[in-house]
2 protein chains.
Amino acid sequence: MCELLGMSANVPTDIVFSFSGLIQRGGGSGPHRDGWGIAFYEGRGLRLFQEPSASAHSEIARMVQRYPIKSEVVIGHIRQANVGQVSLANTHPFVRELWGRNWCFAHNGQLKDFYPEPGFYQPIGDTDSEAAFCDLLNRLRQKFPEPAAPQALLADLLTACDHYQTKGVFNCLLSNGDWLFTFCSTKLAQITRRAPFGCAQLKDMDLTVDFKAQTTPDDIVTVISTEPLTCNEKWQLNQPGDWYLWQRGKCIGSGNVF
Amino acid sequence: MCELLGMSANVPTDIVFSFSGLIQRGGGSGPHRDGWGIAFYEGRGLRLFQEPSASAHSEIARMVQRYPIKSEVVIGHIRQANVGQVSLANTHPFVRELWGRNWCFAHNGQLKDFYPEPGFYQPIGDTDSEAAFCDLLNRLRQKFPEPAAPQALLADLLTACDHYQTKGVFNCLLSNGDWLFTFCSTKLAQITRRAPFGCAQLKDMDLTVDFKAQTTPDDIVTVISTEPLTCNEKWQLNQPGDWYLWQRGKCIGSGNVF
C-alpha cells in the first residue's frame, strides 16, 4: 500500500505539517520505504521533489520540510513498491502537459490485467499507476481536442476511474493546478480547515501546530490523505466510489459512482 | 543573456564543481538573477530543480551543491529574463514526454517574430524558448510516429535549429536521457575530460578540484557551457552553426549547418 497526500487551498499555504506526518510513514512509522514524491503548483509551474528511497531518511525530504514552499495545490505520495522496480521513473507523482498545463497524478493501489490501448501519452516507467494516468489523459485528449472545464470532463473521468477500479484498487489524486480531483476506491480521508482555526496534533510524530497563528480568517484549506494525519480533528472518511472536485479549498462537486 | 550547462558522461558523475561556477553567475558574479534550473537524468527518470530567483542566494541551489547527485546526463540553465515574466513556468529547463522518455531542453538566446504552428505539445509558460521546444517536438512527432535513433532525427533537428536561428539567437541543449544534442548559434564551449585527469580551477569563484581523486581511468566526462567555466583548461569554442551529438561522454556526431 502507498499513501496519498493532497491539498487544495484558497491562499498559498505550506504543507510542512502534513508532509512531516506523511514522511514518517515512509520508513519511519510505516512500511513505505520505496520512494516518495511531492509536487507543488506555483502558478502554471510545478515543483516536483522525488526520491526512490525512504522519505524518513531523505536529505531532499528534510529540505522540503525546512524550506516551506507555499502552494494552492499539492499532490504527495509515499510508495511501497508492488508493480515496477524501485526507481525514479517509477516514483509518483507523475506529470504530463495537457492543453498547455501541468497535469499531476498520484495513485494508491494495484491494478491487475490492465493493458490500456496505446496512445499519445506513454509511460516512462513500468508502473500500473503511470499506465493508468497516461490512459486517462489519452481518453480526455481524444474526447476533448480543446481545453475543457473540469465539470465537462467529469463524466469521462468517472467512467475511467470506475473502469480502473474493476482492475484492482484505485485511489487517486489528479490536478491541473487549478482544481484537484480525488477518487476513492477503498480508502481516502479529508478535512477542510477554516476559521475558527484550532490546534492539530500529528498521529505519526510528536508535533502540534496552531493553525490560528498561521492563517487569516478567510483561509480555506482542504487536506486529503489515505488515512487521517491528525488525532484530534474530525476527518471525513470517503466511501468506495466517492469522488470529489476541489477548487481553492472548497468542494465544487462530489458524488459516488455506484 | 542566459547561460547553459550540459554534461554527458559514461559513468554517473556529479556536476557540483561546474554547477558551483554556474550559480555564481546567477546573481553572484553575473547578471542572471531571474531564475535557474538543473535537470539530472537517473535512468529514465529525471530530477528537476528550479527556482524563479537568483541562484547565488537560493536554498535549493545550496542543497543541490551540498548533496552531490550523480547522473550521466545533466542540463542546467540560469536565466536573465527577456521574453516572458519571471515565474516558475518560464524557468528552464523544460521537460516533455516523447515516446515514453523524458525529453529535456534549455535555450540561450531570444527569438523574434516566432509564431510556430500549434501542435500537440503546447507551452505552459510564455517564453519563446518553450515555444521552440514544443515546436521541435511537434515536428519530430509528426515526422516519426515511432521512436527513432538520434542519427535518424538529425536532419529534422538541424532543419528546425537552423530555422530558429533565423529568428534570433538559438544556442540550445536537448536530451532524451540517452544522448545529448547541442546547437550553437552564437556561443557555446565544451571540454571532454578523460585520463590522465588533472586539476581544474573555476573562473567564477575560488574553487579547485582534483579530478584524478574523483575518477577512474575509464571515465569520460564532457561538459558544455555558454562560456568556459575553468581558467586553466583548454575548452573548445563552438562556431556559429556547430552542432554536436554526445553519448556517454563521447562525441558520436558533429557538423555545421552552414
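Within every chain, numbering begins at 1; the chains are lettered A, B, ... in the order of the sequence lines, protein sequences first and strands thereafter. Just so we're clear, the structure is a prediction, and the values are computed from it rather than from any experiment.
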Gap between atom CG of B:Asn102 and atom CG of A:Leu88 - 0.5 Å precision:
8.5 Å

If you check every heavy atom in residues 130-142 of chain A against those of chain B, which residues fall under 4.5 Å?
A:Arg141

Among residues 43-51 of chain B, which ones touch chain A with a heavy-atom distance under 4.5 Å?
B:Arg44, B:Gly45, B:Leu46, B:Arg47, B:Leu48, B:Phe49, B:Gln50, B:Glu51

When A:Gly100, A:Pro123, A:Ala89, A:Pro145 are compared by non-hydrogen pairs under 4.5 Å with chain B, the top option:
A:Gly100

When rounded to the nearest 0.5 Å, the distance separating CZ of A:Arg101 from CD of B:Gln122 is 12.0 Å

